[in-house]
Amino acid sequence: MSDVLTVHGGSPLKGIISVRGAKNFVSKAMVAALLGEQPSRLTNVPEIRDVTVVTGLLELHGVQVDHGDPSSGVLDLDPSNVELAHVADIDAHAGSSRIPILFCGPLLHRLGEAFIPDLGGCRIGDRPINYHLDVLRQFGAVVEKTAHGIRLSAPQRLQGTKLQLPYPSVGTTEQVLLTAVRAEGVTELRNAAVEPEILDLIAVLQKMGAIISVDTDRAIRIEGVDLLGGFTHRALPDRIEAASWACAALATGGDITVLGAHQLEMMTFLNVFRKVGGELDISADGIRFSHPGGTLRSLVLETAVHPGFMTDWQQPLLVALTQAEGLSIVHETVYENRFGFTQALRDMGAKIQLYRECLGGLPCRFGARNFQHSAVVSGPVTLHGADITVPDLRGGFSHLIAALAADGVSRVRGIDLIDRGYEHVQAKLDALGARYDRD
Ligand code: EPU
């Protein structure tokens, strides 16, 4: 099948779909299973490519992963025979994933060494790993850069330590958790990220026998233990996917019920959705997102770490803002370069201007540098169909929404990239009455 979707846009998306476990939690919980002496079971696992990639990486390291029927969402992970994988195999397998970096702590504990290849991930800024390497060094790991990647070793048991992150990085907080739980002594982490996916990872680690407390001021304290067991855990729902479909409802003038969407982790998004003019119906089963008719309202918004407005919600929301009356300002403060996808929207008729200045909010760490990280969106405009190429996961989904909202026909190339993080996209488009062809 080709990876081009020909989209006939201009009709509202209406219907019921469901979301399962969060991509950005499931992959980390799978890595956590490496730390246990007994098998673990994860449920509510979505069928997305990131899960396949992490499954392959775990298998390369000797973990037995049993998917059973993938549609059941049950994943059994048995780490009894963990071993070191060849760096070339990891490299070949990891593809665009940044997950290998999170194998470091568990492998250092279990085997005394780890390799990580050059890391991929979405092309959103440089996405460096300096914080990760700094914290691993502070636990006592020796880090050597080689031609093929990075080799780490632990000459003795890793030691708990006091850490302060320069920025509340999600991945580095996870790195610290996955390393500190089996280090000797206490680790105190300040300026930690406290995203719901991180709290769910802490819940998993606690089930395995870890001792972790979370304070209100971004401080996490971990008391290292000698051994951990397995876990049985249901992954929290994917709040990025839920919000992406919510924005599709707004942008197309539609009405989408997302079963499985959960209010608590989405409160910041839900406030914005309502401020823009969307209607919400929140129940125990999920959330109904609809466009009430008439025009949407513009707003001023800044992305931030939790509990702020997530950077991953920014791209789909921006498409909806092209339909809002007046000027909206969006200040991106998490990644320096996450507006690349707006060029395609401009090609479709959107009026979006990018600025280097920190607009509409407090100055951020990108303000004095040369990054176009503020966007001004002027609306409403009628989007028209175009030929577009998916740049990255979230930008790609936004292009898809824009194509569905636009008058006329669009060809969206590179649609496979979206399968990395969105489950059963085509089946969901069918359920929502989208009109498209895939050769
Ligand atoms: N940063 C550094 N050095 C580091 C690590 C991070 O400078 O060593 C910077 C980054 O460049 C960025 C900021 O810190 O400017 C925040 O990065 P963070 O570490 O929080 O991001 P991440 O862990 O690499 C995860 C998600 C992203 C999501 C961010 C922010 C996964 C696999 N990825 O990335 O999700 O945008 O947190 O919430 O969990 C996506 O799902 O499409 C996605 C990109």
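Read the numbers this way: they start at 1 and go in the same order the structure lists the ligands and their atoms.
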### Message
Which residues pass the salt bridge (charged side-chain N to carboxylate O under 4.0 Å, His left out) test with R218, not counting sequence neighbours?
### Response
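With sequence neighbours excluded, R218 shows a salt bridge (charged side-chain N to carboxylate O under 4.0 Å, His left out) to no residue whatsoever.
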
#### Entry: Non-neighbouring partners of R274 that pass salt bridge (charged side-chain N to carboxylate O under 4.0 Å, His left out), sequence neighbours left out
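Partners of R274 by the salt bridge (charged side-chain N to carboxylate O under 4.0 Å, His left out) criterion come out as none, since no residue qualifies.
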
Considering both backbone and side-chain atoms of [X], is one of its nitrogen or oxygen atoms within less than 3.5 Å of a nitrogen or oxygen in ligand 1?
| X | result |
| --- | --- |
| T311 | no |
| I240 | no |
| V170 | yes |
| E174 | no |
| V334 | yes |
| K28 | yes |
| L393 | no |
| T172 | no |
| N130 | yes |

### Task
Count the heavy atoms of every other residue, nucleotide or ligand shown that sit under 6.0 Å from CZ of R151, and state whether that count exceeds 12.
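Yes, because the 6.0 Å sphere around CZ of R151 holds more than 12 heavy atoms from other groups.
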
### Query
Among F269, W313, Y422, F397, whose ring-ring contact (aromatic ring centres under 6.0 Å, His included) with W245 holds?
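Of F269, W313, Y422, F397, ring-ring contact (aromatic ring centres under 6.0 Å, His included) with W245 is met by F397 alone.
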
Donor-acceptor contact present, side-chain [X] to main-chain [Y], <3.5 Å:
| X | Y | answer |
| --- | --- | --- |
| Q175 | I101 | yes |
| K207 | G230 | no |
| R49 | I418 | no |
| S374 | E357 | yes |
| T333 | T303 | yes |

Below 4.0 angstrom from a heavy atom of [X], which ligand 1 atoms are there? Numbered from 1 as shown, please.
| X | value |
| --- | --- |
| R365 | 13 (C), 15 (O) |
| H132 | 8 (O) |
| K23 | 40 (C), 41 (O) |
| Y167 | 13 (C), 14 (O), 16 (C) |
| G171 | 19 (O), 23 (O) |
| I129 | 8 (O) |

Can you tell me if [X] has a non-hydrogen atom under 4.0 Å from ligand 1?
| X | value |
| --- | --- |
| E332 | no |
| R338 | yes |
| G421 | no |

### Task
Apply side chain to side chain donor-acceptor pair (under 3.5 Å) to S71 and E47, showing your working.
CA-CA 7 Å; S71 65; E47 288 182 81; 5.1 Å; no

Just to be sure I read this right, does ligand 1 sit under 4.0 Å from the backbone of [X], its side chain, both, or neither, counting only heavy atoms?
| X | value |
| --- | --- |
| E197 | neither |
| Y131 | both |
| R394 | side chain |

